[in-house]
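Owing to the predicted nature of the structure, the values given are computational and were not obtained by experimental measurement. For the numbers below, each heavy atom of this structure counts, side chains included, while hydrogens, waters and symmetry mates do not. Order of the sequence lines sets the chain letters (A, B, ...), proteins ahead of strands, with each chain counted from 1.
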Amino acid sequence: MPELPEVETVRRTLELAIGNEEIVEVVENYSKIITNDIFEFKKSIQNQKIHRIDRMGKYLIFILDTHTMIIHLRMEGKFFIKTNEPVLKHEHIVFKFKSGRELRYHDVRKFGTITLLPLETYLESYPLNKLALEPKDINIHKFFEVLQKKRIEIKAVLLDQHIVSGLGNIYVDETLFLSKIHPTRLANTISLDEAAKIIKSAIQVLDKATALGGTTIRSYTSSLGVHGRFQNELNVHMRKDLPCPICQTKIIKMKIKGRGTYVCPSCQD
DNA sequence: CCCGTGCCCTGGCGGC
DNA sequence: TGCCGCCAGGGCACGG
């Protein structure tokens, strides 16, 4: 489940690998990934050069000549670069370059999305126009004001990309552990100091994970040969029944908003 | 507006 | 060994 650190790792790798490539053709084997009309998409993207790859929250943004391609990997989306190899079952979209190389979008669950938007308006268009700032850019006082109006669990708030972007299930669990706050605490009971602690912890977790190339939990394949190393640094996530690194209490697993959630019942309250 | 639920998908796994 | 049914979850549509 790529979150900010994994998406940033993919962004860096892709920019080095395919910056300056020119797209000559797109072949779709499962067109629902592309949210535009497929005919319009193919027409607009033809002969566009990849100038730069940006990222906002969990979205990758390919900067082309006149358009941008906004990509969300959702649960299992990943990219591979290949030349003259048979197309595999889950390689749904193939971008063919002038050089002969191909960028292939691979996604077993088919949850990912690719959207082409004009360069002039993409920031003001859906989906980026709805996206909140990342933890490093969040204003604590504004964040605290939002929390005070929310009568839902703090974990649900941190997963909401319209409130703060970049965090997903893994890094919310880790952020709340560092903050010593229980994920079921209602948002409107969080104090200003605690709100500040949450943002500070989120920045710390995301920075460290990004430096380590993200987290690789499902290791059967990795995008572009990138293996993250943050899984070795996880304090609570995926550690049910293992001892808390601070107090040795057994980590418990619970469900919040349908998400598997890991908590130290002693450190977090 | 606010919040909860169901849906999209398929491989992997537990149970028998 | 094989098959069935359920689980994983980010973000959105929908409904109360």
Checklist entry - What string of B, S and - do you get for nucleotides 9-15 of chain C, 5' to 3', when a contact is any protein heavy atom under 4.0 Å? => result BBBS---
Checklist entry - Start at the 5' end of DNA chain B and walk down; is the nucleotide closest to A:Ala156 or to A:His90 reached first? => result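 Of the two residues, A:Ala156 wins.
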Measure the distance from [atom1] on [X] to [atom2] on [N] and round it to the nearest whole Å.
| X | N | atom1 | atom2 | value |
| --- | --- | --- | --- | --- |
| A:Lys110 | B:dG11 | NZ | P | 8 Å |
| A:His92 | B:dC8 | NE2 | P | 16 Å |
| A:Glu153 | B:dC3 | CD | P | 12 Å |
| A:Asn188 | B:dC2 | CG | P | 13 Å |
| A:Ile163 | B:dC3 | CD1 | C1' | 11 Å |
| A:Leu147 | B:dC3 | CG | P | 12 Å |

Next on the checklist: Looking at B:dC3, I'd like to know if its phosphate oxygens (OP1 or OP2) sit under 4.0 Å from a side-chain N or O belonging to A:Lys150.
Outcome noted: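 Answer yes for this pair, as a side-chain N or O of A:Lys150 is under 4.0 Å from OP1 or OP2.
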Checklist entry - With A:His72, which residues qualify under ring-ring contact (aromatic ring centres under 6.0 Å, His included), at least two apart? => result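 Partners of A:His72 under the ring-ring contact (aromatic ring centres under 6.0 Å, His included) test: A:Tyr59.
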Checklist entry - Among all residues two or more places apart in sequence or in another chain, which pass the ring-ring contact (aromatic ring centres under 6.0 Å, His included) test with A:Tyr171? => result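 With neighbours one apart ignored, the set is A:Phe230.
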Next on the checklist: Looking at C:dT1, which nucleotide sits across from it as a Watson-Crick or G-U wobble partner, both distances under 3.5 angstrom, or is there none?
Outcome noted: none
Checklist entry - Does a donor on one side chain and an acceptor on the other come within less than 3.5 Å for A:Thr83 and A:Glu102? => result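 No, no side-chain donor-acceptor pair sits under 3.5 Å.
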Item to check | Whether A:Asn129 side chain and A:Leu123 backbone form a donor-acceptor pair below 3.5 Å | outcome: no
Checklist entry - Checking A:Asn47 side chain against A:Val24 main chain: does a donor-acceptor pair fall under 3.5 Å? => result no
Next on the checklist: Students often get this wrong, so: under 4.0 angstrom with heavy atoms, is A:Lys89 touching a base, only sugar-phosphate, or nothing?
Outcome noted: sugar-phosphate
Checklist outcome for this item: Taken to the nearest 0.5 Å, the spacing of A:Thr189 OG1 from A:Lys150 NZ works out to 14.5 Å
